[in-house]
J.: 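This is the structure I want to talk about, given as structure tokens.
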Amino acid sequence: MREKDSGSGRSPTLNRKVVASAANRDIPKSAKSKLYEVCASRHWKPPSFDCCIVRGPIHCRKFGYKVSVAVEGKEAVIVECFGELRPAKKAAAEQAAEGVLWYLKHLGYAT
């Protein structure tokens, strides 16, 4: 909402509250964003998310995602994880990303 201009030629200054960023509010990050951060911090290529399975009739589809990460360390390895079938693409991709993060954590690449 704007205040009326008093005729001074300048736009009025609105009082705005400063909104705290997500980092300050302890909002948990998604597995996808954590995976992107791990890849960026290690200077790897970004993970690839592929919808590889679509099952069911149109009114109740289920989606399955595959996430691939090229791990560049002592040995070059490609980590792939297939998620369970989920009714939403976003949930399916998130679940597959959780699997890759679990594996990378056990390899010592993620915390």
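Residues: numbered from 1 along the sequence shown.
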J.: Is a donor on one side and an acceptor on the other found under 3.5 Å between the side chain of Q95 and the backbone of E84?
T.: yes
J.: Do Y109 and V71 touch side chain to side chain, with heavy atoms closer than 4.5 Å?
T.: yes
J.: How long is the span from the SG atom in C51 to the OH atom in Y65, to the nearest 0.5 Å?
T.: 4.5 Å
J.: Is there side-chain contact between V69 and I78, with at least one heavy-atom pair below 4.5 Å?
T.: no
J.: Counting only N and O atoms by type, is there a donor-acceptor contact under 3.5 Å from the side chain of S41 to the main-chain atoms of E37?
T.: yes
J.: Taking the side chain as every heavy atom from C-beta outward, state whether R61 and V54 have any atom pair closer than 4.5 Å.
T.: yes
J.: Looking only at non-hydrogen atoms, find the nearest pair between A31 and E98 and report the distance.
T.: CB-CG, 3.5 Å
J.: Quick check: is L35 connected to W102 through a chain of hydrophobic side chains (ILVMFWY, heavy atoms under 4.5 Å apart)?
T.: yes
J.: Do C39 and P47 have side-chain heavy atoms sitting under 4.5 Å apart?
T.: yes
J.: Is there side-chain contact between F49 and K32, with at least one heavy-atom pair below 4.5 Å?
T.: yes
J.: Checking R86 side chain against A91 main chain: does a donor-acceptor pair fall under 3.5 Å?
T.: no
J.: Answer whether the closest heavy-atom distance between the side chains of Y103 and C81 falls below 4.5 Å.
T.: no
J.: Do E80 and K66 pass the salt bridge (Lys or Arg N to Asp or Glu O under 4.0 Å) test, and can you show the C-alpha distance, the side-chain angles, and the key distance before you say yes or no?
T.: CA-CA 7 Å; E80 291 183 333; K66 175 182 84 168; 3.6 Å; yes
J.: Is the distance between the ring centroids of W44 and Y36 under 6.0 Å?
T.: no
J.: Would you compute the distance between atom NZ of K90 and atom OG of S30 and round it to the nearest 0.5 angstrom?
T.: 7.5 Å
J.: Please tell me whether F82 and V67 are part of a single hydrophobic cluster in this structure, the criterion being side-chain heavy atoms less than 4.5 Å apart.
T.: no
J.: Looking at K29 and K34, what are the two nearest heavy atoms and their distance?
T.: O-CE, 3.7 Å
